[in-house]
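Keep in mind that the numbers below use all heavy atoms, side chains included, and drop hydrogens, waters and symmetry copies. Each residue takes its place number in the sequence, starting with 1.
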Amino acid sequence: FHMQECIDGCGRGYSTQGAIKALLRHLDKFALEMDVVSKCYSGLITSERIPETSKVPFTDDEINKLWEAQAEPWVDSVLVFLYTGFRISELLAVRCADVDLKQRTIKGGTKTTAGKNRIVPIHPRIVPLIQKRMGGEFLFEREGKPCSVAKYYELWATVMKKLGAEHTPHECRHTFRSRLDSVGANKVCIDLMMGHRSKEVGERIYTHKTITELHAAIALLK
């Protein structure tokens, strides 16, 4: 009940509660291994459930509006999100040195084993946007410094207000995958670009997709 009180009285949401719950389970298991306790009770504790959410992809009309407003500050970043599928933290961490304009690829990704340092082809339409951002240390800088996730959310809100839309940066990633799936892109290529681990055993083994094949998949996005 002491462990449960830690969660119930933390005053935080489901994410923090889940982290506390995980920590308590690790500590409880370690205590059992060290013979400090004779039984693990952490399996009985509960935390607030993750709320159900539905990701709403960008519509074609909204994407067209972004292209029409591409000269506006930070609109280019939204378009790059939509054509690369990077997470917000991943794109903001991309260094110019990770961009190969000759091969038209970006190396990035930080979250999972399958997603770390993955190669994502640059769609022909966003090549000019990427070229304009080259020159500093990071691809997306603000006043010569890396843009923090917190600050980017503020910039994002401004863009969405001008667009008259309500989306989150992660919905760009959802849109990217949905659009690739709709045009029939190779599933293994999609997983590689998204940084996902294929569910099928055969696909996990045969993932030797060349950059040419990745470019062919990304080019399906018209």
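Note that CD of Gln103 and CG of Leu214 are 11.5 Å apart. Values are rounded to the nearest 0.5 Å. Rounding to the nearest 0.5 angstrom, the gap separating the CG atom in Leu91 from the CD1 atom in Ile106 is 7.0 Å. In this structure, Arg125 CZ and Leu79 CG are separated by 8.0 Å, a value rounded to the nearest 0.5 Å. For the atom pair Leu192 CG and Glu213 CD, the distance stands at 9.5 Å (nearest 0.5 Å). Atom-to-atom distance recorded for Leu24:CG and Cys40:SG is 11.5 Å, nearest 0.5 angstrom. Between the CZ atom of Phe81 and the CZ atom of Arg87 there is a distance of 11.5 Å, given to the nearest 0.5 Å.
Looking at residues two or more places apart in sequence or on another chain, you find a ring pair (Phe, Tyr, Trp, His ring centres under 6.0 Å) between Tyr83 and Trp67, His123. Legend: residues meeting side-chain hydrogen bond (donor to acceptor under 3.5 Å, both in side chains) with Lys151, ordered by chain and number and at least two apart, are Glu154. In terms of the side chain to side chain contact (heavy atoms under 4.5 Å, CB included) criterion, residue partners of Leu220 (sequence neighbours excluded) are, by chain and number, Val183, Ala185. With sequence neighbours excluded, no residue forms a side-chain hydrogen bond (donor to acceptor under 3.5 Å, both in side chains) with Thr84. Residues that satisfy the ring pair (Phe, Tyr, Trp, His ring centres under 6.0 Å) test with His215, not counting sequence neighbours, are absent from this structure. For Gln4, the side-chain hydrogen bond (donor to acceptor under 3.5 Å, both in side chains) partners two or more places apart in sequence, or in a different chain, are Asp8. Considering only residues two or more places apart in sequence or on other chains, Lys107 meets the side-chain hydrogen bond (donor to acceptor under 3.5 Å, both in side chains) condition with none of them. Residues satisfying the side chain to side chain contact (heavy atoms under 4.5 Å, CB included) test with Glu143, not counting sequence neighbours, are none.
Under the 4.5 Å side-chain criterion, counting only non-hydrogen atoms from C-beta, Cys147 is in contact with Leu155. Proximity of Glu90 to Arg118: side-chain heavy atoms (C-beta onward) are separated by under 4.5 Å at one or more points. Taking the side chain as every heavy atom from C-beta outward, Ile88 and Arg173 never approach each other to under 4.5 Å. Counting heavy atoms from C-beta on, the side chains of Ser47 and Ile20 never come closer than 4.5 Å. Contact of the Leu66 side chain with the Val159 side chain is registered, since non-hydrogen atoms from C-beta on lie closer than 4.5 Å. Inter-residue side-chain proximity for Arg177 and Ile190 is flagged as met; some heavy-atom pair is nearer than 4.5 Å. Residues Ile45 and Tyr41 fail the side-chain proximity criterion, which asks for heavy atoms closer than 4.5 Å.
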- Task: Would you check, one step at a time, whether the test side chain to side chain contact (heavy atoms under 4.5 Å, CB included) holds for Cys172 with Val80?
- Result: CA-CA 9 Å; Cys172 288; Val80 173; over 6 Å; no
- Query: So Ser77 and Trp156, side chain to side chain contact (heavy atoms under 4.5 Å, CB included) or not? Walk me through it.
  - Reply: CA-CA 9 Å; Ser77 68; Trp156 174 274; 5.6 Å; no
- Run the side chain to side chain contact (heavy atoms under 4.5 Å, CB included) check on Phe176 and Leu221 step by step: do they pass? CA-CA 9 Å; Phe176 178 72; Leu221 296 180; 4.2 Å; yes
- Message: One pair to check against side chain to side chain contact (heavy atoms under 4.5 Å, CB included): Tyr152 and Ser89. What are the steps and the verdict?
- Response: CA-CA 10 Å; Tyr152 184 78; Ser89 58; over 6 Å; no
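Nearest approach of Gln17 to Glu48, heavy atoms of both residues: OE1-N, 2.8 Å. The two residues Ile63 and Thr175 come nearest to each other via the heavy atoms CD1-CG2, 4.4 Å. What you find for Val188 and Asn186 is that their closest heavy atoms are N-OD1, 2.9 Å.
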Which atom pairs, donor and acceptor, lie under 3.5 Å between side-chain atoms of residues 163-170 and protein residues at least two apart or in another chain?
| from | atom 1 | to | atom 2 | distance (Å) |
| --- | --- | --- | --- | --- |
| His167 | ND1 | Val56 | O | 3.1 |
| His167 | ND1 | Glu171 | OE1 | 2.9 |
| His167 | NE2 | Glu62 | OE1 | 2.9 |
| His167 | NE2 | Glu62 | OE2 | 3.3 |
| Thr168 | OG1 | Glu171 | N | 3.4 |

If you look only at distance, which donor and acceptor atoms sit under 3.5 Å apart when one is on a side chain in residues 129-142 and the other is two or more places apart or in another chain?
| from | atom 1 | to | atom 2 | distance (Å) |
| --- | --- | --- | --- | --- |
| Arg133 | NE | Asp76 | OD2 | 2.8 |
| Arg133 | NH2 | Asp76 | OD1 | 3.2 |
| Arg133 | NH2 | Asp76 | OD2 | 3.4 |
| Glu137 | OE2 | Arg95 | NH1 | 2.2 |
| Glu141 | OE2 | Glu137 | N | 2.9 |
| Glu141 | OE2 | Phe138 | N | 2.9 |

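In this structure a side-chain-to-backbone donor-acceptor pair under 3.5 Å is missing from Thr105 to Ile119.
Using a 4.0 Å cut-off between charged nitrogen and carboxylate oxygen, Arg104 and Asp100 do not count as a salt-bridge pair. The existence of a salt bridge linking Lys187 and Asp191 is confirmed by a sub-4.0 Å separation between a basic side-chain nitrogen and an acidic carboxylate oxygen.
Here Phe30 sits in one hydrophobic cluster together with Leu32, Met34, Val36, Val37; the rule is ILVMFWY side chains under 4.5 Å apart, joined directly or through other members.
Residue Asp60 places its CG atom among 12 or fewer non-hydrogen atoms of other residues, nucleotides or ligands, all under 6.0 Å distant.
For residues 10-37, there are no salt bridge (Lys or Arg N to Asp or Glu O under 4.0 Å) pairs, not counting sequence neighbours.
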